[in-house]
Every structure is written in structure tokens, then in C-alpha cells.
Amino acid sequence: MRVEIDEDRCKGHGTCWALSPEVFELTDDGYAVTLVDPVPAEFEGSADEAVRNCPERAITAS
Ligand code: F3S
């Protein structure tokens, strides 16, 4: 599993980081970046939660 953040859509809500801190981090500006690529199997569940709960639908998984 890979996750990608659409920088144009991310508004810095931080839900991704709250749900899956092993996979997402917030920059000093408050926008999301990914920490791991691909996502290790043990973090796929939380990463999927982040994908589904981003208010801006800024994260895509493949
Ligand atoms: Fe951005 Fe969505 Fe995370 S808006 S900070 S990718 S919850």
C-alpha cells in the first residue's frame, strides 16, 4: 500500500496524523507529509482510516 497527499487539497486538518502517526507527519506549516513509502503492513489499517477520514479527501491510497 502506498499513500499520496494532494498538496493542493490538504488544508492541515491533521486528522491523518492523529489517526496514523506512524505514517503521517505534519510539517512546521501544518501540512501533511508521509513518513513511509510503501506503508508497512502493520500500519495499513490506520493509514486506511486516515484516507477515509481526511475532510478534504486529500489522501489517496494505491
Ligand atoms: Fe491534510 Fe487531510 Fe491530513 S487536510 S493534514 S491530509 S487530514
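All ligand and atom numbering here is 1-based and tracks the order in the structure.
- One finds the OG atom of S20 at 10.0 Å from the CG atom of D48 (value rounded to the nearest 0.5 Å).
- Between the CG atom of D29 and the SG atom of C10 there is a distance of 10.5 Å, given to the nearest 0.5 Å.
- Legend: protein N/O/S atoms lying under 2.8 Å from atom 2 (Fe) of ligand 1, waters omitted, number 1.
- Side-chain atoms of R57 come within 3.5 Å of backbone N or O of R52 as a donor-acceptor pair.
- By the neighbour-count criterion of 12 heavy atoms within 6.0 Å, atom CD of E42 is densely surrounded, having more than that number from other residues, nucleotides or ligands.
- Atom CD of E22 is surrounded by more than 12 heavy atoms from other residues, nucleotides or ligands within 6.0 Å.
- The line from OG1 of T34 to CZ of F24 is 7.5 Å long, rounded to the nearest 0.5 Å.
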